[in-house]
Amino acid sequence: MTTVHVGLPAAVDGGVGASPQRPDGRLKVTGEFAFSSDLWADDMLWGATLRSPHPRARITALDIGPALRVPGVYAVLTHEDVPGAPLYGLEHVDQPVLAAREIRYQGEPIVIVAADHPETARRAARLVEVAYDVLDPVTELAAALDPAGPQVHADRPNLLRHVPIRRGDPHATAAVVVTGEYEVGMQDQAFLGPESGLAVPAEDGGIDLYIATQWLHVDQRQVAACLGLPPEKVRLTLSGVGGAFGAREDLSMQVHACMLALHTGRPVKMVYGREESFFGHVHRHPARLRYEHGADADGRLVYVKARILLDGGAYASSTGAVVANAATLGVGPYDVPNVVMDAYGLYTNNPPCGAMRGFGAVQACFAYESQMDKLAAALGLDPVEVRVRNALTTGDLMPTGQVVEGPAPVAELLRLVRERPPAPAVGDFLPGGTANTTRGEGVVRGVGFGIGIKNVCFSEGFDDFATARVRLELVGGRPAVLVHTAAAEVGQGLVTVQAQIVRTELGVEQVTIAPADTAVGSAGSSSASRQTYMTGGAVRAACQAIRTRLLERLGRAPSTTDNDKKVPFLALEEIAELLGEGAIEETVEWRHRPTHPLDPATGQGDAHVQYAFAAHRATVDVDLELGLVKVVEIVTAQDVGKAVNPGAVAGQIQGGTAQGLGLALMEEIQVVDGKVRNPSFTDYLLPTIMDMPPMSLDVLELADPHSPYGLRGVGEPPTISSTPAVVAAIRAATGAALTRVPVRPEHIVGV
Amino acid sequence: MRVTCTVNGVDRTADDVWEGESLLYVLRERLGLPGSKNACEQGECGSCTVYLDGTAVCACLVAAGQAAGRDVRTVEGLAPEGGLDPVQRAFLQAGAVQCGFCTPGLIVSVHDLLAHNPQPTDPEIREALAGNLCRCTGYEKIMDAVRLAAADGAGAA
Ligand code: FES
Ligand code: FES
């Protein structure tokens with residue numbers, strides 16, 4: 001990895017800017033790390049779920065008797081047993097804990113069972129007799145949009161949210177016009193660690209839930225409401241999280257396991273199998289996008305008109321925020337004076353969709369980057385050149401009227417990926433890989449580019465904060481720090497980063513990260529690329545408060561007072577002496593600068609906190625006869641503001657790029673008439689190590705003036721632009737139009 | 001039924017095993033060895049990879065009864081208590097671990113690869129690990145870890 005701009009030096013080893021090993025790494029390589037599916041309690045029972053086989057139906061009769069009679073079964077619960085609120089949801093409370101009457105998607109939970117063996121629980125669940133009145137599902141976006149058509153929810157229209165954006169002249173005309181219609185399939189987060197957790201009934205009538213999630217407090221709020229318990233009686237502790245990528249933002253088995261545990265008085269463990277996991281969490285919204293780009297003869301954009309339809313599926317989840325992202329980021333990292341944008345999120349009877357890495361920006365990027373290539377072709381310009389001519393830069397206006405503050409190195413990122421040496425003439429594998437479907441005959445090569453934009457942190461006026469409790473004390477006579485937050489480590493390395501920040505701020509090397517739980521205030525979600533920014537910011541602020549307390553005890557100015565130079569502000573011996581008066585603990589609730597709602601008619605408003613950018617160049621070999629693709633190489637450039645942990649930054653960029661490649665070439669939940677056809681890793685294809693090419697990175701560190709250390713959220717941008725780059729490379733190789741992802745062999749060979 | 005086998009060098013017995021249970025389930029839920037992971041339980045991800053009589057297999061595809069009387073070695077048994085196998089060390093050093101759910105299976109697969117081929121080429125590494133899914137890393141740092149382990153002579157041990 002090349003680091004172009006070097007940041008501040010760290011005060012002690014393992015501070016900000018270093019790449020210390022993960023504190024949980026040793027346990028993870030030895031197999032001792034406790035994931036949520038590894039938990040165990042004396043006397044525990046296993047939970048299982050009965051789900052609807054139909055995407056739309058009405059339950060006419062339900063008989064749990066046959067399940068109750070199975071030896072080893074301890075509880076069989078239905079919607080009638082939900083102790084509190086019958087519905088839950090992230091933004092809209094619209095999803096039943098257990099279906100009462102209406103079934104709105106295939107896989108909707110109806111009955112939960114607890115038994116002494118997981119297979120007993122599953123078999124008993126299958127014995128529950130449910131009679132359905134099967135109805136025609138609403139599965140097409142056009143039908144869902146039709147106000148005269150059937151409603152998915154009787155009490156609300158199918159249109160979940162419409163975000164219009166109007167900037168400049170809606171009737172602007174241009175010398176060169178390109179139009180296109182694009183489609184994005186339903187992608188799955190496909191984390192490897194399945195939904196799972198352990199609920200343990202407590203003596204106070206409450207519950208302790210050990211769970212893999214992205215946001216403990218938003219789970220706590222929803223679980224408590226559904227259990228009819230005060231939040232303080234619903235205590236959540238994060239257990240090992242086997243990846244998240246957005247799929248753990250919504251509840252899955254949380255309420256179910258707690259209900260079974262409270263009902264039986266015994267600990268209950270639930271672990272979804274892979275098939276159930278496909279029904280147990282939301283997916284990336286499938287989308288249909290129609291774009292019209294107008295440019296002058298030099299290739300400068302005059303206007304963009306777009307309509308984006310996002311299939312929200314049966315329940316709202318975070319669809320509203322996804323729609324806003326697609327709309328506000330929908331012209332890409334380009335300066336466009338005139339914009340007419342309409343993005344819509346719709347209820348259908350398809351699987352519910354919500355958060356996945358990239359969150360609305362992914363779908364739009366595939367379309368607008370495809371359009372930029374079309375524009376380049378229409379003008380006879382190089383695809384990078386047309387992008388550079390329109391590149392957003394500091395001080396430009398977004399379509400929302402928001403000024404882009406801080407660095408926006410769009411042109412520089414594009415030039416970095418273009419100027420990398422070309423991929424090797426011969427890749428390690430040909431299309432088809434070890435199947436040896438070709439020896440090189442009929443194989444053509446192409447190169448494509450993509451660049452994307454993503455907002456970081458929560459937007460539109462949301463009160464977004466993170467809490468950190470930091471304690472500085474003497475342990476064995478030496479200063480040591482304990483950090484306690486509720487922030488979810490999901491694999492990204494937040495535990496490492498928290499300790500790094502403490503080392504830099506306090507000059508204390510020995511840092512312990514306490515298990516994340518709800519005994520401390522909310523950290524917000526590990527999503528929207530926000531957690532290093534937010535929980536990192538909170539930890540830093542708590543450390544700074546501790547510094548102030550230490551200086552008060554010292555009673556004089558420290559040897560070095562420059563807060564921006566991360567040299568130890570006090571020697572360890574001095575700190576140790578001051579701590580003789582007792583430990584110092586500070587809890588800080590930290591907020592990013594406020595954002596504002598979008599005007600509902602014009603979409604104008606300073607809705608976002610920060611913008612982040614990444615660019616990709618993909619090189620592919622394509623077998624023209626079979627339509628098989630091998631990505632030979634991917635190069636990436638991303639501005640991260642400050643690489644707090646360069647190793648982890650590289651890991652995020654590489655992993656995010658892989659998920660974008662997956663969307664380009666293979667990853668799709670195939671839904672036919674509302675039913676999922678491929679809920680397994682046999683049929684839902686994830687990129688393997690054979691599918692992934694070598695990747696090289698350029699990381700820019702152009703400090704953001706508002707964020708801690710100048711950092712920029714890292715996790716999502718690399719997922720966004722790798723998809724269009726790969727598709728552009730296939731187009732360059734084959735000349736095929738390719739308006740849909742994932743690209744299938746038949747799209748290439750045209751059969 | 002009762003299943004007895006050697007696990008990480010120790011004779012172990014599991015009682016009341018239902019004949020539909022996999023070796024993976026018995027290891028994880030009956031013998032207290034949850035290191036082998038359960039990402040798919042369909043033989044598609046490699047997260048459950050263990051040695052069975054010295055051959056790397058997906059424990060989710062082995063019926064518990066098939067393991068009776070045989071020798072099983074899991075990620076927990078690769079290094080002596082408190083130590084790390086060179087492959088484990090290389091994964092740590094290379095930063096090849098994010099969420100870590102794929103890690104135990106990958107480590108056993110890499111251990112097996114290097115035992116048979118101590119100096120694999122990059123294409124050989126990719127071929128050998130094609131059955132191990134990782135959703136977090138994009139595999140770059142896993143490649144680095146394997147190269148590092150090979151350079152450290154992991155396979156020669
Ligand atoms: S759990 Fe065995 S291969 Fe996936
Ligand atoms: S590190 Fe998460 S699946 Fe590989």
Side-chain angles (χ1 to χ4, degrees), chain A residues 19 21-22 24-35 37-38 40 117-120 189-194 240-245 271 273-275 428-429 433-434 490-493 647-648 650-659 661 680-682 686-690 692 694-695, chain B residues 16 18 20-21 25 28-29 32-45 47 74-76 78-79 84-85 87-104 107 121-123 125-143:
Chain A
S19 298
Q21 285 180 10
R22 309 178 55 99
D24 57 8
R26 194 182 170 95
L27 292 177
K28 285 180 173 177
V29 299
T30 57
E32 292 163 284
F33 182 80
F35 288 93
S37 49
D38 299 339
W40 190 89
H117 189 285
E119 188 59 23
T120 308
Q189 300 86 347
F191 48 51
L192 287 201
V241 183
F245 317 117
V271 182
R274 183 50 54 182
E275 178 172 346
D428 279 345
F429 298 97
T434 49
V490 297
Q492 81 278 45
Q652 285 297 305
I653 295 175
Q654 292 156 347
T657 300
Q659 293 184 359
L661 180 149
S680 73
F681 282 169
T682 313
L686 294 171
T688 70
I689 200 168
M690 287 285 290
M692 285 310 298
M695 291 181 261
Chain B
D16 300 325
W18 167 66
E21 283 176 22
Y25 183 89
R28 288 176 52 78
E29 305 294 343
L33 292 168
S36 309
K37 290 291 168 264
N38 56 320
C40 76
E41 298 180 80
Q42 310 171 303
E44 293 289 347
C45 76
S47 73
T74 71
V75 69
E76 290 102 333
L78 287 187
L84 290 180
D85 181 84
V87 177
Q88 291 169 320
R89 206 174 308 126
F91 267 68
L92 262 183
Q93 280 170 4
V97 179
Q98 287 188 31
C99 83
F101 211 82
C102 65
T103 306
I107 283 177
T121 62
D122 280 4
I125 297 171
R126 290 188 192 273
E127 275 198 63
L129 302 183
N132 289 83
L133 294 175
C134 172
R135 189 54 159 166
C136 298
T137 64
Y139 305 103
E140 277 291 274
K141 287 176 188 284
I142 289 168
M143 294 295 296

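Naming: A, B, ... by sequence-line order, numbering from 1 per chain.
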(message) Let's test your reading of the structure: which of B:Ser36, B:Gly35, B:Pro34, B:Gly131 forms the most heavy-atom pairs below 4.5 Å with chain A?
(response) B:Pro34
(message) Whether the side chain of A:Gln654 engages the backbone of B:Gly138 through a donor-acceptor N/O pair (distance < 3.5 Å, no angle test) should be reported.
(response) no
(message) Quick check on side chain to side chain contact (heavy atoms under 4.5 Å, CB included): which of B:Leu133, B:Asn132, B:Leu129 does A:Thr688 satisfy it with?
(response) B:Leu133
(message) Within this structure, what is the CE-CD1 distance for the pair B:Met143 and A:Ile689, rounded to the nearest 0.5 Å?
(response) 5.5 Å
(request) Quick one: pull up CZ in B:Arg126 and CG in A:Asp428 and give me the separation to the nearest 0.5 Å. (result) 6.5 Å
(request) Could you tell me whether a side-chain N or O of A:Arg274 sits under 3.5 Å from a main-chain N or O of B:Ala39, the two making a donor and an acceptor? (result) yes
(message) Which heavy atom of B:Lys37 sits nearest to which heavy atom of A:Asp38, and what is that distance?
(response) NZ-OD2, 3.0 Å
(request) Starting at CD1 of B:Ile107, measure out to OG1 of A:Thr30 and round the result to the nearest 0.5 Å. (result) 8.5 Å
(message) Quick check for you: among A:Ala648, A:Gly193, A:Ala34, which has the greatest number of heavy-atom pairs under 4.5 Å with chain B?
(response) A:Gly193
(request) Answer with side chain, backbone, both or neither: which region of A:Gln21 has an atom nearer than 4.5 Å to a non-hydrogen atom of chain B? (result) side chain
(message) Counting only non-hydrogen atoms closer than 4.5 Å, does B:Glu21 touch chain A with its backbone (N, CA, C, O), its side chain (CB onward), both, or neither?
(response) side chain
(message) How long is the straight-line distance from CE of A:Met695 back to NZ of B:Lys141, given to the nearest 0.5 Å?
(response) 10.5 Å
(message) Measuring from atom CD1 of B:Ile125 to atom CE of A:Met690, what distance do you get when rounded to the nearest 0.5 angstrom?
(response) 12.5 Å
(request) Provide the closest heavy-atom pair for B:Arg135 versus A:Pro687 in the form atom of the first, atom of the second, distance. (result) NH1-CD, 4.0 Å
(request) Report the option among B:Glu76, B:Arg28, B:Glu41 that has the most heavy-atom pairs separated by less than 4.5 Å from atoms of chain A. (result) B:Arg28
(message) Looking at every non-hydrogen atom in both residues, tell me the closest pair between A:Pro194 and B:Phe101 and how far apart they are.
(response) CD-CZ, 3.7 Å
(request) Flag the one option from A:Ser19, A:Gly493, A:Gly240, A:Ser37 with the top tally of heavy-atom pairs under 4.5 Å to chain B. (result) A:Ser37
(request) Can you measure from CG (A:Leu192) to SG (B:Cys136) and round to the nearest 0.5 angstrom? (result) 7.0 Å
(request) Check A:Lys28 against B:Thr103 and note the closest heavy-atom contact, atom names and distance. (result) O-CG2, 3.8 Å
(request) Identify the two heavy atoms, one from A:Gly243 and one from B:Cys99, that lie closest to each other, and give their separation to 0.1 Å. (result) N-CB, 3.3 Å
(request) Would you mind telling me which of A:Pro118, A:Ala244, A:Pro694 has the largest number of heavy-atom pairs within less than 4.5 Å of chain B? (result) A:Pro694
(message) Quick check for you: among A:Gln659, A:Glu275, A:Glu32, A:Gln652, which has the greatest number of heavy-atom pairs under 4.5 Å with chain B?
(response) A:Gln659
(message) Under a 4.5 Å cutoff for heavy-atom pairs, which residue among B:Gly32, B:Gly20, B:Cys40, B:Pro104 has the most contacts with chain A?
(response) B:Cys40
(request) Please report the shortest heavy-atom distance between A:Phe429 and B:Pro123, naming the atom on each side. (result) CZ-O, 3.5 Å
(request) Flag the one option from A:Gly651, A:Gly25, A:Gly656 with the top tally of heavy-atom pairs under 4.5 Å to chain B. (result) A:Gly651
(message) Could you work out, with side chain to side chain contact (heavy atoms under 4.5 Å, CB included) as the rule, every residue matching B:Thr137, not counting sequence neighbours?
(response) B:Gln98, B:Cys134, B:Ile142
(request) Mind ranking A:Gly655, A:Gly273, A:Gly433 by heavy-atom pairs under 4.5 Å with chain B and telling me who comes out on top? (result) A:Gly655
(message) Using heavy-atom distances under 4.5 Å, tell me whether A:Gln189 contacts chain B through its side chain, its backbone, both, or neither.
(response) backbone
